[in-house]
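So the structure is just underneath, and the comments pick up after that.
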Amino acid sequence: MGIGGSIFLIALGAIFAFAVEADLGWLDLAVVGWVLMLAGVAGLLATLYFWSSRRRTVVAAPAREERVVADRVVPVQDNQVMQEYREVRRPGRPV
């Protein structure tokens, strides 16, 4: 849902619960407001939980164990490491 959607639900629920005084007979807007606010808080907590789980740090292994996280990509040809040369030009500049 995201933080923005959660805050929107909380604000909309607060408006329905505290500011709107309409009598629809079959629908109590105060209850709808409280349900929207609870859904917004639940969405906000779920979003923050998933954000915190993505930001976990990776602890290095002890010196005896070596783990390869990502190998560098180096082109090899006939058991010789090849050098790669790239020329980068910025768009918009005449050459």
**OP:** Could you grab the distance from atom CG of Asp28 to atom CG of Asp23, nearest 0.5 Å is fine?
**Re:** 9.0 Å
Subject >> Point-to-point distance, once rounded to the nearest 0.5 Å, from CG of Leu36 to CG of Leu29 >> reply: 10.0 Å
Subject >> Shared hydrophobic cluster for Trp26 and Val32 (ILVMFWY, side-chain gaps under 4.5 Å) >> reply: yes
Original post:
Mind checking whether Leu24 and Leu12 sit in one hydrophobic cluster, side chains of I, L, V, M, F, W, Y counted as touching below 4.5 Å?
Top reply: yes
Subject >> Single-linkage hydrophobic cluster Leu48~Ile7, side-chain heavy atoms < 4.5 angstrom >> reply: yes
Subject >> Contact summary for Gly40 and Ser6, nearest pair of heavy atoms >> reply: O-CB, 3.3 Å
Original post:
In the single-linkage hydrophobic clustering (I, L, V, M, F, W, Y; side-chain heavy atoms under 4.5 Å), do Phe16 and Leu27 co-cluster?
Top reply: yes
Subject >> Candidates Leu44, Leu45, Leu38 - the one meeting side chain to side chain contact (heavy atoms under 4.5 Å, CB included) with Val41 >> reply: Leu45
